[in-house]
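Taking it in order: structure first as structure tokens, then the write-up.
The sequence lines fix the lettering, A, B, ..., with proteins before strands; numbering per chain opens at 1.
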Amino acid sequence: MHSLLLCTISNYIMDYNSIKVEAFWKQYWKDNDIYRVTHESDKPKYYVLDMFPYPSGAGLHVGHPLGYIASDIFTRHKRMNGYNVLHPMGWDAFGLPAEEYAKQVNMHPADSSKQNAVRYKEQMSSVGLSFDWAREFATCDPAYYKWTQWIFSELFNHYYDTKEEKAIPIQDLIDAFAANGNGTVQAAHSYQETFTAEDWAKLNRKEQEDILTEYRLAYRKVGYVNWCEKLGTVLANDQVKDGLSERGGHPVEQKAMTQWYLRTTAYAERLLNGLDDIEWSDSLKTIQRNWIGRSEGASVHFQIDGHEGDIEVFTTRPDTIFGATYMVLAPEHDLVEIITTADQKEDIDTYINYVKSKSEVERMADKEVTGAFTGAYAINPFTNTKIPIWIGEYVLKDYGTGAIMAVPSDDDRDNNFATKFGLEIIDVVDKSKYPGASLSDKLGIIINSDFINGMEVPDAITKMCEVIEERGLGSASINYKLRDANFSRQRYWGEPFPVKYDDDGIVTALSKDELPLLLPHTDDLSPGEGGQSPLSRVKEWVNQDGFTRETDVMPAVAGSSWYFLRFMDPHNDDEFAGQDAINYWQDVDLYVGGAEHAVAHLMYARFWHKFLYDKGMVPTGEPFKRLVNQGMIQGGIEFIGLLKEKQDGISKFMCAKMLQHADPSTYVKIPIKIQFVNEYGKDSSYLSAESIKQFIGWRSEYKDAIFECSNGVYQNGKFTGKDTSHLHTFSETGKMSKSKFNVINPDEVIERYGSDCFRMYEMFLGPIQQSKPWDTNGIDGVYKFINKYWNLVTDGDLSTDDPSKEELKVLHTMLKKVDADIQSLSFNTAVSSFMICINDLRKLKSKNKHIASEFTLALAPFAPFITEECWKLLGNNESVHLQSFPKHNDEYLVEDSIEYPICINGKKRGMASFGADLDKTTIEKTTLEMEFVQQWIEGKTIKKVIVVPNRMVNIVI
RNA sequence: GCCGAAGUGGUGGAAUUGGUAGACACGCUGGAUUCAAAAUCCAGUGCAUUCACGUGCGUGAGGGUUCGAGUCCCUCCUUCGGUACCA
């Protein structure tokens with residue numbers, strides 16, 4: 001056995017050979033399937049999940065495994081505590097980045113994704129992550145996306161009943177329409193009209209479908225996309241920068257397209273309330289709450305002077321309605337066309353064209369007040385005065401009703417608008433009693449408002465809601481910021497929508513036995529005509545006998561919205577997951593992943609889960625019980641300054657120190673390989689003459705360039721100046737990325753220090769929730785620890801005697817701390833406990849087999865390879881990872897005496913040792929008699945003596 | 001602007017319910033070992049002052065509560081993250 005060779009030379013401190021040992025055990029674990037789990041188990045279940053990655057072409061860098069290592073330690077600890085732990089991994093392979101990467105490397109995304117996943121898996125195994133690889137799948141596997149499509153079909157075939165507060169089959173709604181029309185139906189919808197059963201019966205099938213679509217949980221409507229005429233393509237939001245395409249810098253405009261949406265708004269209240277019962281960080285919950293953006297208020301109808309209809313507005317401040325001196329509609333509001341007078345038509349048209357010409361980004365960036373008058377007037381139902389109706393881009397068509405009553409006295413935006421256009425301002429809230437209160441605080445006394453004069457604002461709001469309902473003007477209502485989710489992408493690499501359109505354009509969802517609807521193969525991934533998906537060019541797929549297919553595909557979030565359920569039963573062909581498996585595994589107990597998914601992924605996943613819950617297909621209302629966001633490991637980025645103006649036609653680089661006070665517009669920062677840089681990451685980082693040569697070798701276009709250092713000039717291989725050249729560089733901290741040449745690959749670190757050392761060092765860096773720059777310098781401390789541990793087990797013979805009291809105390813102090821730290825995910829302090837323990841054991845010259853064994857067991861979750869090796873060397877045959885985690889025993893931790901700090905007026909002045917069970921009075925008495933205490937209290941009166949048992953003594957004089 | 005999180009040595013970071021601030025580690029200094037180096041081991045290391053014992057000051061700034069504050073309260077500053085005219 002190779003491992004025996006390592007330990008037979010016992011009188012010599014042998015370094016641990018990580019490469020050999022890790023290779024051996026990696027194979028052993030694989031061959032023996034020790035991380036395989038099934039739901040047929042008597043043990044309690046536990047589900048630890050990492051957010052599955054999109055396998056990018058670059059492979060893993062040292063930042064990626066941070067969360068995986070943490071969850072792996074947690075998993076191993078749970079396993080050793082008798083749990084049946086589901087810990088799977090897979091690939092989020094569909095989506096834009098995968099498609100873009102495939103184009104770059106000139107491969108089909110199906111192939112590049114597969115290839116990248118293989119590399120990821122290999123790297124993950126090198127890190128010693130204990131995934132059950134039998135459950136691996138990718139979101140682009142037809143066997144998986146069959147069920148993504150199926151859930152989508154189910155969404156399509158359901159509506160949300162607001163009375164039952166759950167999803168109900170659409171057939172029930174059709175029956176209700178046929179029986180009673182839509183007047184009595186309580187459902188989440190976007191259909192504005194009311195109809196009777198007779199009306200419904202008169203409609204043809206297409207007309208009925210058009211109404212039903214406004215109720216379905218998956219539906220189609222017109223939405224806007226970022227359209228770039230020049231590139232002939234639709235762009236994602238992050239492909240647009242400052243209103244221009246990121247690639248090429250071409251103008252981007254808003255283009256209307258009929259697209260698929262999910263009615264997430266139906267679940268707004270439940271998505272909000274569900275947050276109360278789960279263990280997520282407060283900040284993450286707050287982000288989700290803000291995103292849902294619930295606000296209470298009233299919807300009020302304003303009659304339009306000289307027109308039949310009315311304008312409905314939503315307001316959180318019905319108490320200020322007496323101050324509503326004008327109204328504003330969103331420029332896209334349906335009524336604009338109807339109410340605009342002939343006189344104002346030109347103004348309005350000009351303004352609408354102006355708004356259309358602006359991109360969304362420009363609209364957000366531009367804070368200037370703009371608007372136009374429609375010429376029409378509404379009647380304020382409380383003052384009965386005519387108030388002008390304007391349009392303005394600050395009113396958004398998607399929020400509330402797309403119309404507002406403007407109260408310029410109590411709303412900053414309304415105020416700016418009124419001031420600019422000379423509209424009337426009536427002050428309706430006296431805020432003098434509440435200096436410093438902001439408008440959103442809803443504080444003040446109502447004035448100039450008839451029957452609510454003198455009331456406090458909150459009371460006035462309640463009163464007004466009542467009166468509004470009494471008078472039939474509207475009702476109290478709740479509004480959400482949350483919008484229905486756009487679910488269409490004009491792309492290739494995603495799930496095809498499982499739907500078909502007949503000749504009349506009526507949509508039906510494919511049934512389960514028609515799934516999966518396979519994504520057809522095509523090598524031409526360029527956009528289709530008019531910004532359509534590349535699929536639109538695959539005519540033989542789109543045009544079927546008697547129907548056509550949807551050419552848009554689903555977004556990347558589709559596949560990640562339910563993958564955690566598939567892991568429970570990944571190879572099931574009959575169901576998305578078998579009920580036995582789902583009932584056993586229930587939900588995710590611990591979910592670890594990056595905060596960048598705080599909104600989109602988690603919101604979609606919770607939404608899908610709640611839908612499946614309504615269908616009785618999952619047993620819990622929330623998918624992720626406890627969630628932890630790991631921080632990012634960043635990298636140092638090094639730049640050198642290149643002057644924009646060439647000197648006699650030659651490029652000139654200048655020392656960062658010399659550019660410190662220069663005008664930043666006169667030079668550009670060129671990122672360089674961090675390997676070239678001396679004192680990398682520090683303020684003093686620089687390129688020496690040697691590293692400038694390396695740089696020139698890498699970027700030969702600069703071979704003749706001038707490098708002006710602070711102490712001389714380097715050019716053409718020669719340095720003229722005093723001492724050696726120092727070309728200082730700019731150092732920044734940021735994401736590790738290929739384009740910044742600062743990627744540190746875990747493979748290199750593992751090769752040099754071993755996987756166990758790498759794992760423990762990543763944990764030792766700090767709390768996992770925190771982001772921090774990678775710095776290999778500190779790794780030596782952990783490396784020393786690993787070697788100390790190795791020597792503890794392998795250097796010399798171990799005694800089988802009972803361990804001493806001191807040894808037990810040192811060991812059990814560690815066991816207690818490590819156990820608690822793992823549960824609270826404080827892995828950095830757990831690593832430090834191991835270090836303290838091993839240092840203490842060395843001081844005690846401990847060579848005890850029991851101690852070494854227990855230490856090995858406790859260390860196993862952190863350092864799976866070396867502990868496995870040591871466990872074997874300690875004479876065991878079964879894997880260390882299948883053992884029980886050692887329990888600490890408080891008996892060994894009992895102290896005979898306790899060191900008390902003695903404080904005078906709260907300042908420590910000395911120490912004293914007292915028996916652990918000594919009473920307070922004796923401690924107080926003894927303390928006051930002590931010599932150094934006497935010196936401090938001499939001639940002073942003692943006001944008070946505070947004795948905190950087991951803590952400290954404080955004397956107040 | 002609004003919301004959230006966080007500011008501790010030269011560095012990464014520790015500190016139950018308020019109870020010895022700086023654990024552990026890096027780095028640095030000195031020493032041992034070595035022909036020498038690496039590696040390893042030992043000692044020291046918040047700042048100021050002192051030959052020294054010690055003393056003073058110290059957790060972003062200022063105030064407060066308390067016998068006692070890194071921890072609680074108020075005001076402010078900075079950094080990071082989220083969000084963006086949300087009626």
TODO: Quickly work out the A:N415 CG to B:C85 P distance and round it to whole Å.
DONE: 19 Å
Task: Rounded distance (Å) that lies between atom C1' of B:A87 and atom CD of A:E296 - done: 15 Å
Open item on the list: So if I take every side-chain heavy atom of A:R842 and compare against B:G4, B:C41, B:C85, which nucleotide ends up nearest?
Closed with: B:C41
Task: Position toward the 5' end of RNA chain B (nearest nucleotide), A:A595 or A:Y399 - done: A:A595
- [ ] State the dot-bracket string of RNA chain B. Criteria: Watson-Crick or G-U wobble, both atom distances under 3.5 angstrom; notation: ( ) intrastrand, [ ] crossing earlier pairs, | interstrand, . unpaired.
- [x] (((((((..(((......[....)))((((((.......))))))((((....))))..(((((..]....))))))))))))....
Task: Residue mapping more 5' on RNA chain B - nearest nucleotide basis, A:V948 or A:G400 - done: A:V948
TODO: Take the protein atom CZ of A:F862 and the nucleotide atom P of B:C24, then report the distance between them rounded to whole Å.
DONE: 18 Å
Open item on the list: Any side-chain to backbone donor/acceptor pair from A:S846 onto A:R842? Under 3.5 Å, distance only.
Closed with: no
Task: Spacing of the C1' atoms in B:C85 and B:A21 (rounded, Å) - done: 47 Å
Task: Rounded distance in Å between the P positions of B:C26 and B:G13 - done: 16 Å
Open item on the list: What's the gap between B:C73 and B:U66 when it is taken at their P atoms, as a whole Å value?
Closed with: 16 Å
Task: Derivation and outcome, side-chain contact (heavy atoms from CB on, under 4.5 Å), residues A:Y789 and A:Y16 - done: CA-CA 10 Å; A:Y789 163 69; A:Y16 168 63; over 6 Å; no
Open item on the list: Looking at A:R909, I want to see if its CZ is surrounded by more than 12 non-hydrogen atoms of other residues, nucleotides or ligands under 6.0 Å.
Closed with: yes
- [ ] Classify the nucleic acid contact of A:N839 as base, sugar-phosphate or nothing, counting any heavy atom under 4.0 Å across all strands shown.
- [x] sugar-phosphate
Open item on the list: Among B:C3, B:G82, B:C24, which nucleotide has an atom closest to any side-chain atom of A:I287?
Closed with: B:G82
Open item on the list: Quick check on A:E751: does its CD atom have over 12 non-hydrogen neighbours (other residues, nucleotides or ligands) under 6.0 Å away?
Closed with: no
Open item on the list: For A:F758 and A:Y753, I'd like to know if the aromatic rings sit close, meaning centre-to-centre distance below 6.0 Å.
Closed with: no
Open item on the list: Please determine whether a side-chain nitrogen or oxygen atom of A:K907 lies at a distance below 4.0 Å from atom OP1 or OP2 of B:G56.
Closed with: no
TODO: Would you classify A:K788 as touching base, sugar-phosphate or nothing, given that sugar-phosphate means primed atoms plus P, OP1 and OP2, and contacts are heavy atoms under 4.0 Å?
DONE: sugar-phosphate
Listing time: all N or O pairs from protein to nucleotides 66-74 of chain B that are below 3.5 Å?
unit_1	atom_1	unit_2	atom_2	d
B:C67	O2'	A:N954	ND2	3.3
B:C67	O2	A:N954	ND2	2.5

Task: From CG (A:N380) to CD1 (A:I387), nearest 0.5 Å - done: 5.0 Å
Task: Span that lies between the P atom of B:U8 and that of B:C3, in whole angstrom - done: 24 Å
TODO: To the nearest Å, give me how far apart OH (A:Y900) and P (B:U20) are.
DONE: 13 Å
- [ ] Start with the C-alpha gap between A:M760 and A:L859, add the side-chain angles, then the distance that decides, and say whether side-chain contact (heavy atoms from CB on, under 4.5 Å) holds.
- [x] CA-CA 10 Å; A:M760 291 190 81; A:L859 186 62; 3.7 Å; yes
Open item on the list: Need one value for A:K943: base, sugar-phosphate or nothing, where a base atom within 4.0 Å counts as base even if backbone is also close, heavy atoms only.
Closed with: nothing
TODO: With heavy atoms under 4.0 Å as the rule, sort A:S833 into base, sugar-phosphate or nothing.
DONE: nothing
Task: Gap in Å between the two P atoms, one belonging to B:C47 and one to B:G22, rounded - done: 14 Å
TODO: Using the salt bridge (charged side-chain N to carboxylate O under 4.0 Å, His left out) rule, take A:K431 and A:D410 through it: C-alpha gap first, then chi angles, then the decisive distance, then the call.
DONE: CA-CA 10 Å; A:K431 292 169 285 278; A:D410 276 86; 2.8 Å; yes
Task: Euclidean distance, A:S833 OG relative to A:D819 CG, rounded to 0.5 Å - done: 11.0 Å
Open item on the list: What is the separation between atom CZ on A:R294 and atom C1' on B:A87, rounded to the nearest whole Å?
Closed with: 17 Å
Task: Gap in Å between the two P atoms, one belonging to B:G7 and one to B:U71, rounded - done: 11 Å
TODO: Would you classify B:G9 as syn or anti? Syn applies when the glycosidic angle is within 90° of 0.
DONE: syn
- [ ] Check every atom of B:G56, B:G4, B:A87 against the side chain of A:R909 and return the nucleotide holding the closest atom.
- [x] B:G56
Open item on the list: Side chain of A:P901, heavy atoms from C-beta onward: which of B:A87, B:C41, B:U20 has the nearest atom to it?
Closed with: B:U20
Task: Per-nucleotide protein contact string for nucleotides 7-17 of chain B, where B marks a base within reach and S marks sugar-phosphate only (heavy atoms under 4.0 Å, - for neither) - done: -----BSSSBB
Task: A:D890, CG: over 12 other non-hydrogen atoms inside 6.0 angstrom - done: yes
Task: Positive for side-chain contact (heavy atoms from CB on, under 4.5 Å) with A:V831, one of A:E762, A:M763, A:R759 - done: A:M763
TODO: Answer with base, sugar-phosphate or nothing: what part of the nucleic acid does A:M911 contact at a heavy-atom distance below 4.0 Å?
DONE: base
Task: Separation of atom CG in A:D412 from atom C1' in B:C2, rounded to whole Å - done: 12 Å
Task: From A:R294 atom CZ to A:E296 atom CD, the distance as rounded to the nearest 0.5 Å - done: 4.5 Å
TODO: May I ask you to check whether over 12 heavy atoms, not counting those of A:K925, lie within 6.0 Å of atom NZ?
DONE: no
TODO: Could you measure between the two P atoms, the one in B:G54 and the one in B:U59, and give it in whole Å?
DONE: 23 Å
Open item on the list: Determine whether a donor-acceptor pair (one donor, one acceptor, N or O, separation below 3.5 Å) exists between the side chain of A:R483 and the base of B:C86.
Closed with: yes
Task: For atom CG of A:L482 and atom P of B:U83, their distance in whole Å - done: 14 Å
Open item on the list: If I take atom OH in residue A:Y783 and atom P in nucleotide B:A25, what distance separates them, rounded to the nearest angstrom?
Closed with: 17 Å
Task: Test side-chain contact (heavy atoms from CB on, under 4.5 Å) applied to A:I955 and A:N905, A:I946, A:I904, A:V947, the passing residue - done: A:I904
Open item on the list: Between B:G18 and B:C72, how far apart are the two C1' atoms, rounded to whole Å?
Closed with: 8 Å
